[in-house]
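Have a look at the structure below, then the notes.
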2 protein chains.
Amino acid sequence: MKQNPPDNLEMLRSEIARRYSDLSPRLKQVASYVLDNPNDIAIETLAVNASRCDVQPSTIVRFGKVFGYNGAREMQRLFRDEILTSAPSPSYSERIRQFQARSNTVDRLLLCNVMREFAESNIIALEHLCEAVHTEDLDKSIELMQGAHTIYLAGMRRAFPVAAYLAYSLSHVEKRAFLLDGVAGMTSEQSWMLGPEDLVIAVSFKPYASETLAVVETAAANGAPLIVISDSRLSPVARAADVCFEIKDAEVRQFRSLTASMCLAQTLVISYAYKFGLDRPAKE
Amino acid sequence: MKQNPPDNLEMLRSEIARRYSDLSPRLKQVASYVLDNPNDIAIETLAVNASRCDVQPSTIVRFGKVFGYNGAREMQRLFRDEILTSAPSPSYSERIRQFQARSNTVDRLLLCNVMREFAESNIIALEHLCEAVHTEDLDKSIELMQGAHTIYLAGMRRAFPVAAYLAYSLSHVEKRAFLLDGVAGMTSEQSWMLGPEDLVIAVSFKPYASETLAVVETAAANGAPLIVISDSRLSPVARAADVCFEIKDAEVRQFRSLTASMCLAQTLVISYAYKFGLDRPAKE
DNA sequence: ACCCGAATAGAAAATATTTTCCAACTTTTT
DNA sequence: AAAAAGTTGGAAAATATTTTCTATTCGGGT
């Protein structure tokens with residue numbers, strides 16, 4: 001038995017490729033299956049995988065031992081970790097944790113470090129955003145935006161800048177947009193008029209503002225379509241949404257940023273502008 | 001027990017969201033864990049997942065049953081299938097190559113590509129930000145912020161979200177902050193009072209808003225310190241600034257984003273909060 | 001054709017994981 | 001304040017999965 005089994009997938013894969021020709025026939029069968037179907041190895045049981053490559057379960061165990069592991073399970077762990085750390089959704093919280101562990105070792109009060117820390121957290125959030133947002137949701141949103149006579153934007157407190165940005169940039173692509181800003185406490189006066197031909201985009205994060213919630217409820221009651229941008233699909237505002245974007249924005253030392261939300265807002269507006277045929281949206 | 005448990009992940013996820021508020025406390029814990037960590041549910045064992053969301057294994061089984069399955073295993077199957085079908089797992093480099101090939105030939109208007117393009121531009125802008133901002137400017141800004149009795153924020157049009165965000169987050173670190181929002185065209189009424197003991201932070205980009213310019217001039221006339229966030233040192237608002245940050249934000253298809261500016265804003269507030277001795281800034 | 005060592009299949013044993021069940025506890029109702 | 005209904009923790013039972021072990025097969029060398 002080998003002393004140092006490969007401890008990451010990439011190493012294991014090349015080791016398998018390297019020794020392939022020395023393997024016995026059955027082990028070759030296993031080898032090619034393993035290389036071709038890493039996800040199946042990660043997820044299915046030994047028995048299932050065995051029958052898929054037409055081999056006994058024990059053969060896979062032997063295969064694992066040949067490459068230095070104590071059994072098939074130990075080898076499977078590598079494939080599982082690969083999914084957890086990289087693939088589709090590189091567990092956002094995990095990456096944040098790793099990043100924070102790193103940035104703890106440096107003097108955190110040096111100003112340029114604070115800046116760097118922010119920038120990097122925001123970058124991670126942006127990378128995550130691309131993976132987390134479903135194309136269908138974007139599609140549906142654009143469709144709703146096209147169909148709307150007027151788009152009403154709701155967002156208080158931390159979400160306010162996002163709503164404001166949406167209102168601003170929508171008017172710049174020549175879409176009637178109206179910010180329910182609650183000036184003079186007139187949110188309800190501003191929102192009673194919205195109807196099925198309109199659209200509400202509500203932005204709301206953790207301590208969900210009651211005004212925003214009220215707008216959402218009015219929208220639902222009046223039959224107005226609703227797009228929600230929030231931090232969880234479990235938020236009270238997400239309930240009645242036709243489309244709900246769940247945004248995990250960067251958090252640095254208890255402070256959440258808006259980068260990812262703003263990026264989504266931008267994407268919505270520009271996609272709308274292009275799809276609507278404005279090849280060159282009005283210069284902002 | 002329900003007759004038709006959701007038979008694909010997306011359905012299950014929205015069902016969980018829909019019924020969230022009716023669930024018991026422990027089941028809520030499980031619900032948010034499940035929505036946030038689909039991959040862990042797919043791969044780790046019940047016991048591991050249970051301890052991750054601080055619950056007994058049996059609670060997860062109950063959770064599955066509440067949603068109509070015969071047990072946790074049956075629900076887990078959905079998460080596993082998602083991984084198996086969504087990632088047609090050829091080797092990683094292979095996938096990258098495929099993606100690039102696709103995105104070069106394919107309609108660049110495909111929505112996910114628009115999103116990716118934005119995210120990437122913003123990432124580049126953030127990376128640039130770290131290099132472009134001088135530590136001395138940050139230092140000096142923090143000092144000015146500390147010295148100020150009240151901080152006035154000015155920003156119209158595209159810059160408005162940044163100013164709004166600053167106003168919001170400054171009040172959350174217990175700094176008197178006041179947004180000169182121009183409601184009712186009262187900018188000048190709002191700004192005559194600012195004096196040398198205060199501080200103005202003005203945010204302004206290309207077609208420089210006259211209101212912002214007016215605020216800047218009032219500040220200069222009244223001897224109030226001034227920090228400017230703008231897209232050029234040569235902008236009219238930058239003239240009288242004590243500190244001027246020159247921000248090159250991402251531009252995608254004629255549209256400028258605010259990511260870098262927002263990131264700088266965040267940095268200013270947090271740095272201030274920490275330097276000022278609030279080891280734990282008020283939760284936002 | 002026979003022997004020998006390596007490779008293999010398959011069943012049995014060991015281990016791990018999930019599910020069930022019930023007593024204890026909490027919350028709500030009366 | 002007591003009873004009822006619902007929720008929870010935890011241990012025991014059931015199930016599934018992996019690993020070990022041995023008899024058998026296979027293939028090359030004599």
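Below, chains carry the letters A, B, ... as their sequence lines are ordered, and counting in each starts from 1.
- Atom OH in Tyr69(A) sits about 18 Å away from atom C1' in dT19(D), given to the nearest Å.
- Cation-pi geometry between Arg19(A) and Phe67(A) is met: under 6.0 angstrom from the ring centre, within 45 degrees of the axis.
- Arg158(A) contributes a side-chain N or O that, together with a main-chain N or O of Ser257(A), makes up a donor-acceptor pair within less than 3.5 Å.
- In this entry the distance linking CZ of Phe63(B) with C1' of dT7(D) reads 15 Å, nearest Å.
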Under 4.0 Å protein heavy-atom contacts per nucleotide of nucleotides 10-23 of chain C, with B for base, S for backbone only and - for none: B-----SSSBB---
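- Between Glu15(B) and Arg18(B), at least one side-chain N (NZ, or NE/NH1/NH2) sits under 4.0 Å from a carboxylate O, which counts as a salt bridge.
- Nearest-nucleotide positions on DNA chain D place Leu23(B) closer to the 5' end than the other of Leu23(B) and Val48(A).
- The pair Arg80(A)-Glu44(A) fails the salt-bridge criterion, with no side-chain N (NZ, NE, NH1 or NH2) lying under 4.0 Å from an Asp/Glu carboxylate O.
- Distances shorter than 4.0 Å separate some side-chain N or O of Ser24(B) from OP1 or OP2 on dT8(D).
- Exactly one residue among Leu138(A), Val203(A), Leu129(A) makes a side-chain contact (heavy atoms from CB on, under 4.5 Å) with Phe245(A). That residue is Leu138(A).
- Under the 3.5 Å distance criterion, the side-chain polar atoms of Asn49(B) are matched with a main-chain donor or acceptor of Asp40(B).
- At whole-Å resolution of the value, CG in Asp54(B) and P in dG10(D) are 11 Å apart.
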